[in-house]
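Since the structure comes first, as structure tokens, the remarks are kept for the end.
First the proteins, then the strands, lettered A, B, ... as listed; each starts at 1.
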2 protein chains.
Amino acid sequence: MKPSLQMIAERAGVSTATVSRALNDRAGVNPETREHILQIAREMGYTPSMAARGLATSRTHNIGFITYKYHPQPITSYHVEIAQGIDDEAQQRGYHVITRFVDNAMMLDGQRLALITEQRIDGLILVGPALSPAFIIELYNSGVPLVLVDNMLQETKIDAIVCDNADGTYQITQHLIQSHGLRRLAFFSGPAHWFSSRERRSGYERALHEIGEAPRLVFMDETTVSTGYAAMLSALEQYPDLQGVVAVNDATALGAIRACKEQGRRVPQDIAVVGFDNVAWGPLHEPPLTTVGMFKHEIGVQAARRLIDVIERGATSTYQLRLGVELIVRESCGCPPSERDPLGAS
Amino acid sequence: MKPSLQMIAERAGVSTATVSRALNDRAGVNPETREHILQIAREMGYTPSMAARGLATSRTHNIGFITYKYHPQPITSYHVEIAQGIDDEAQQRGYHVITRFVDNAMMLDGQRLALITEQRIDGLILVGPALSPAFIIELYNSGVPLVLVDNMLQETKIDAIVCDNADGTYQITQHLIQSHGLRRLAFFSGPAHWFSSRERRSGYERALHEIGEAPRLVFMDETTVSTGYAAMLSALEQYPDLQGVVAVNDATALGAIRACKEQGRRVPQDIAVVGFDNVAWGPLHEPPLTTVGMFKHEIGVQAARRLIDVIERGATSTYQLRLGVELIVRESCGCPPSERDPLGAS
DNA sequence: AAGTTTATCGTAAGCGCTTACGAATATCGT
DNA sequence: ACGATATTCGTAAGCGCTTACGATAAACTT
């Protein structure tokens with residue numbers, strides 16, 4: 001029989017109210033009796049029933065982690081790392097995370113998430129640029145605390161944690177320009193309505209603008225290996241004198257490189273290709289991928305931290321955090337092999 | 001104000017008991033009143049509060065998904081695909097999944113999971129071979145329904161969903177033997193106490209035994225790119241006449257290939273290397289990786305299905321399901337390039 | 001010393017649901 | 001037509017916790 005507040009109260013010779021106060025560190029209980037109660041609770045191995053506490057307080061100590069159900073599977077461990085960051089912070093603060101993958105059908109026509117209507121969660125973290133704005137806004141309007149990750153709805157005032165996408169592409173484009181003397185560079189962009197695509201594109205454009213070069217854009221409706229492959233074929237045709245490609249992410253960069261190889265263009269000698277995300281297999285690829293890394297674990301931690309803060313203390317103003325990124329130079333940009341970390345992190 | 005059972009009862013002019021019965025499809029309510037009640041519930045957009053229901057029934061409709069917090073990040077999307085399978089099945093049956101990453105510290109000395117003591121979940125799915133048997137057994141003894149994935153405790157009678165590891169390595173080893181005429185093959189094994197390592201090793205050994213060849217084993221204490229790399233160096237030294245390597249998973253296969261390249265051994269011409277897992281970047285590697293694929297999504301679905309069955313109907317006998325695997329022939333075994341699916345799935 | 005504040009703790013209601021039990025009514029047998 | 005059985009539904013208790021409120025006692029005031 002699992003010990004209840006009731007049982008502890010009897011054993012300690014006090015009322016359940018006092019036990020509750022003692023256990024929750026609330027004022028109004030004598031230090032001695034408090035200690036006594038805690039002692040007994042410890043002995044009996046007491047842990048509160050979250051259902052009961054939730055019913056009484058209408059707080060669950062659960063947070064939702066919503067992400068898009070990519071199909072096919074993306075090639076990255078992106079979500080896992082963010083999820084770990086979230087879980088680390090959540091665990092530390094006594095929360096638990098419920099994961100839900102949503103697809104397009106579920107985002108349609110006001111499908112309220114069961115998570116919300118059943119009051120299973122105190123707040124939600126929405127990850128990725130593929131979640132539709134309509135869906136996000138509807139969740140927002142339902143009143144649950146919300147934090148966006150890797151996405152931002154500019155018009156609204158929804159909290160968001162993103163990495164500095166523009167700075168990332170700016171840095172990596174500059175690297176191609178300054179370290180390798182390349183000028184005729186294309187950008188392979190994802191859907192224009194994706195936040196990260198837009199931002200990454202802007203960083204690339206700024207770098208090109210600074211040297212007075214016209215941007216060369218290729219748009220893809222997804223950001224996978226195959227769309228990267230197709231984009232490269234189209235780019236080679238459209239811009240015969242192309243010197244390099246800044247891809248919106250690593251998966252498309254990889255597809256692009258594959259296309260180059262098949263077309264007899266050597267990477268990086270004939271054409272440089274760089275990505276964004278720093279996926280785990282980047283160092284193992286041939287050539288090893290030059291890319292921009294984001295601190296995924298940290299992003300998760302920050303998202304959870306903000307969400308829990310809002311849940312517990314309420315929100316005053318909007319919180320939109322932009323975390324820095326790191327340029328990761330390997331060989332696909334034209335740099336020589338490096339000694340350090342030839343196998344990557346894992 | 002969120003509609004409650006109470007409010008529906010008033011509107012319908014019946015008691016809450018009747019509403020509850022109607023909503024839960026229980027017997028003892030007139031078809032007409034039932035329809036009337038359902039109608040009103042629909043109009044008011046009613047969804048039950050899980051906290052209240054949970055308190056009354058001591059069932060949460062939450063299941064836990066516990067996995068090891070690998071560090072560094074593994075190079076595979078393994079967990080994500082399984083998680084999606086689990087979530088798909090869970091969602092369909094009205095369950096939600098709480099994910100928790102555990103590390104060695106948390107598995108130590110009888111740390112009861114808060115998930116259990118706080119009664120947040122009705123059952124648990126434990127994924128991966130890295131969770132310690134002591135930890136698993138303790139959870140098991142606490143009485144929560146349990147399903148193991150990619151792991152199995154032979155002595156106990158804990159439910160498990162695994163893939164046919166032995167058959168996988170048997171098939172792939174046979175492929176090296178029969179299609180490529182190789183005989184002097186090594187197996188790179190993970191920790192011997194890992195279930196999947198043991199099984200995979202046994203398939204390899206069976207294939208070698210059939211041709212009367214002695215097994216060549218190299219043990220690694222982890223199964224990462226770097227341990228694969230180190231294992232290859234050691235194998236080349238130990239077995240100068242080595243013709244091929246069956247690696248316990250793709251990450252180690254990749255590390256092994258990297259080592260070969262650095263040692264001036266061509267893969268697959270001088271030495272064949274094959275893996276297990278069919279990670280997403282396999283087709284993009286040079287050479288494209290020959291490997292064994294498991295149906296990760298299906299594994300997740302089956303695990304969730306079994307778990308929920310046990311939760312709802314109780315367990316009679318042990319359920320240990322072994323799902324088939326598929327041999328995926330690419331080029332690292334020595335086969336010629338294939339036309340189909342050059343970019344892989346994504 | 002009487003009134004005022006403060007600390008401690010119990011009483012009891014309530015969170016939103018489920019469910020045993022019994023009452024009322026309807027259906028069936030003969 | 002009368003008792004026996006089945007169906008429908010309300011009453012009320014209870015799940016394990018929190019919390020407003022009030023009672024009591026202790027510690028201050030001037």
If I take atom [atom1] in residue [X] and atom [atom2] in nucleotide [N], what distance separates them, rounded to the nearest angstrom?
X: A:Arg34; N: C:dT8; atom1: CZ; atom2: C1'; answer: 11 Å
X: B:Gln6; N: C:dC15; atom1: CD; atom2: C1'; answer: 12 Å
X: A:Asn24; N: D:dT19; atom1: CG; atom2: P; answer: 8 Å
X: A:Leu23; N: D:dT19; atom1: CG; atom2: C1'; answer: 15 Å
X: A:Ile37; N: D:dT18; atom1: CD1; atom2: P; answer: 13 Å
X: B:Glu35; N: D:dT8; atom1: CD; atom2: C1'; answer: 17 Å
X: B:Leu5; N: C:dG16; atom1: CG; atom2: P; answer: 10 Å
X: A:Arg21; N: D:dA20; atom1: CZ; atom2: C1'; answer: 10 Å

Are OP1 or OP2 of [N] and a side-chain N or O of [X] less than 4.0 angstrom apart?
X: B:Thr33; N: D:dC9; answer: yes
X: B:Arg53; N: C:dT18; answer: yes
X: A:Ser15; N: C:dT11; answer: no
X: B:Ser20; N: C:dC17; answer: no

Which of these nucleotides, [options], is closest to any side-chain atom of [X]?
X: A:Ala17; options: C:dG16, C:dC21, C:dG10; answer: C:dG10
X: B:Ser4; options: D:dT18, C:dA20, C:dG16; answer: C:dG16
X: A:Ala56; options: D:dG16, C:dC9, C:dG16; answer: D:dG16
X: A:Pro31; options: C:dC15, C:dT8, C:dT18; answer: C:dT8
X: A:Ala52; options: C:dA20, C:dC17, D:dG16; answer: D:dG16
X: B:Thr57; options: C:dT19, D:dT18, C:dC9; answer: C:dT19

| Closest-nucleotide 5' rank along DNA chain D - winner of B:Val14 and A:Pro3 |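 The answer here is B:Val14.
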| said: Can you work out whether B:Val29 or B:Gln119 has the more 5'-proximal nearest nucleotide on DNA chain D? | reply: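 The answer here is B:Val29.
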| query | Between B:Ser49 and A:Asn30, which has a closest nucleotide on DNA chain C that is more 5'? | reply |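 Nearest nucleotide further toward 5': that of A:Asn30.
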| task | Show your reasoning for whether side chain to side chain contact (heavy atoms under 4.5 Å, CB included) applies to A:Glu118 and B:Arg53. | result | CA-CA 10 Å; A:Glu118 293 175 350; B:Arg53 175 175 288 179; over 6 Å; no
| message | Under 4.0 Å, counting only non-hydrogen atoms across every strand here, what does B:Ser58 touch: a base, just sugar-phosphate, or nothing? | response |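 If one applies the 4.0 Å heavy-atom cut-off, B:Ser58 turns out to touch nothing in the nucleic acid.
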| query | At under 4.0 Å between heavy atoms, what does B:Arg26 touch on the DNA or RNA strands: base, sugar-phosphate, or nothing? | reply |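 The answer is sugar-phosphate, as B:Arg26 gets under 4.0 Å only of primed atoms, P, OP1 or OP2.
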| Result of checking B:Val127, B:Val301, B:Leu323 against B:Ile161 for side-chain contact (heavy atoms from CB on, under 4.5 Å) |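 For B:Ile161, the side-chain contact (heavy atoms from CB on, under 4.5 Å) check succeeds only for B:Leu323.
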| A:His297 and A:Asp88: side chain donor to acceptor below 3.5 Å |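 Checked: A:His297/A:Asp88 side chains pair up, N/O donor to acceptor below 3.5 Å.
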| Exam field: side chain A:Asp122 to backbone A:His61, donor-acceptor pair closer than 3.5 Å |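 Side chain of A:Asp122 to backbone of A:His61, a donor-acceptor pair under 3.5 Å: yes, one is there.
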| Where do A:Leu124 and A:Ile116 come nearest, in terms of heavy atoms and distance? |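 Between these two residues, the closest heavy atoms are CD2-CD1, 3.9 Å.
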| query | Quick one: does NZ or CZ of A:Lys2 land under 6.0 Å from the six-membered ring centre of A:Tyr46, within 45 degrees of the ring axis? | reply |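 Output yes; distance and angle both within limits.
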